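Data first, discussion second: the structure below is written as structure tokens.
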Amino acid sequence: MQTLEFVVPATKTIRHLYPESEDYQRMPEVFATGFMVGLLEWSAILALRPYLEDGEGSVGTRVDISHTAPTPPGAKLIVTACCTKIEDNYIEWDVEARDEDGDVAASGRHGRHIIDIERFLHRVDAKTKRLVGRDVAAAQPA
């Protein structure tokens, strides 16, 4: 099991998720569900990291999350990821975020696939060339 503590900054509220959206700008100043999903993924990434070989990474491929309580900026969340399934290159996690009062702010299941980073980047580059018409491989850090 992996535990991660995170203090919610003002820059991770709903209004910052899509600043170009007028609807988002009218939302309350609480931790955005989109950022919550990323935080829950982060705990699984950290838990998986020691088991990856050189050249491997992981990408999120499943998210089934309930965001059940608001978290204001400045509040701390304690996030856990517990591995529940390993099937070939697919790993699944039960994830949860609790606030300092012990209230569950979010919980659910998250799945990640282990990837060969170089091969994955070549696939992304090919797709970018097809859909956007530009070469991104040259822009990748060495």
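As the structure is a prediction and not an experimental result, all values here were calculated from the model.
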Taken in chain and number order and not counting sequence neighbours, the residues that satisfy side-chain hydrogen bond (donor to acceptor under 3.5 Å, both in side chains) with Ser66 are none

Notebook entry, point to check: Can you get from Leu4 to Val7 by hopping between Ile, Leu, Val, Met, Phe, Trp and Tyr side chains that sit under 4.5 Å apart?
Noted result: no

Is it the case that more than 12 heavy atoms not belonging to Glu118 sit under 6.0 Å from its CD atom?
-> no

Residues Ser43 and Ala81: closest non-hydrogen pair is OG-CB, 3.4 Å

Between the CG atom in Leu46 and the CD atom in Gln2, the distance rounded to the nearest 0.5 Å is 5.0 Å

Looking only at heavy atoms, the pair that brings Thr71 and Ala105 closest together is OG1-CB, 3.8 Å

Quiz prompt | Verify same cluster id: Val37, Ile91 (apolar side-chain graph, 4.5 Å) | solution = yes

Sequence neighbours excluded, the answer for side-chain contact (heavy atoms from CB on, under 4.5 Å) partners of Asp23 is Ser21, Arg26

Applied to residues 9-29, the ring pair (Phe, Tyr, Trp, His ring centres under 6.0 Å) test, sequence neighbours excluded, yields Tyr18-Tyr24

**Prompt:** Going hydrophobic residue to hydrophobic residue with side-chain gaps under 4.5 angstrom, can you get from Met27 over to Phe35?
**Reply:** yes

NE2 of His67 to CE of Met36, rounded to nearest 0.5 Å, is 3.5 Å

Do Lys129 and Asp125 make a side-chain contact, defined as non-hydrogen atoms from C-beta onward lying under 4.5 Å apart?
yes

- Query: Taking Asp64 for the side chain and Gly108 for the main chain, is one N or O donor matched with an acceptor at less than 3.5 Å?
  - Reply: no

Identify whether Ile86 and Ile45 are in the same connected component of the hydrophobic contact network (ILVMFWY, side-chain heavy atoms under 4.5 Å).
no

Where does the angle between the aromatic ring planes of Phe31 and Phe6 fall among parallel (under 30°), tilted (30 to 60°) and perpendicular (over 60°)?
tilted

**Asked** Are Leu40 and Ile65 close enough, and set up right, to give a side-chain contact (heavy atoms from CB on, under 4.5 Å), and what steps lead you there?
**Response** CA-CA 9 Å; Leu40 295 167; Ile65 304 298; 3.7 Å; yes

Value for CG (Asp116) from NE2 (His122), rounded to nearest 0.5 Å, stands at 8.5 Å

Table please: side-chain donor-acceptor pairs of residues 92-99 below 3.5 Å, with sequence neighbours left out.
| unit_1 | atom_1 | unit_2 | atom_2 | d |
| --- | --- | --- | --- | --- |
| Glu92 | OE2 | Arg62 | NH1 | 2.9 |
| Glu92 | OE2 | Tyr90 | OH | 2.5 |
| Asp94 | OD1 | Arg109 | NE | 3.3 |
| Asp94 | OD1 | Arg109 | NH2 | 3.2 |
| Glu96 | OE1 | Arg98 | NE | 2.8 |
| Arg98 | NH1 | Gly102 | O | 2.5 |
| Asp99 | OD1 | Asp101 | N | 2.9 |
| Asp99 | OD1 | Gly102 | N | 3.2 |
| Asp99 | OD1 | Asp103 | N | 3.0 |

Without placing hydrogens or testing angles, list every side-chain donor-acceptor pair under 3.5 Å for residues 48-59, not counting sequence neighbours.
| unit_1 | atom_1 | unit_2 | atom_2 | d |
| --- | --- | --- | --- | --- |
| Glu56 | OE1 | Glu53 | N | 2.8 |
| Ser58 | OG | Arg112 | NE | 2.8 |
| Ser58 | OG | Arg112 | NH2 | 3.3 |

Residue pairs meeting side-chain hydrogen bond (donor to acceptor under 3.5 Å, both in side chains), one or both in residues 3-14, sequence neighbours left out, come to Glu5-Lys76, Thr13-Glu29

Closest non-hydrogen atoms of Thr68 and Val104, given as atom of the first, atom of the second and distance, are OG1-O, 3.1 Å

Less than 4.5 Å apart, side chain to side chain, heavy atoms only: is that true for Val8 and Leu77? yes

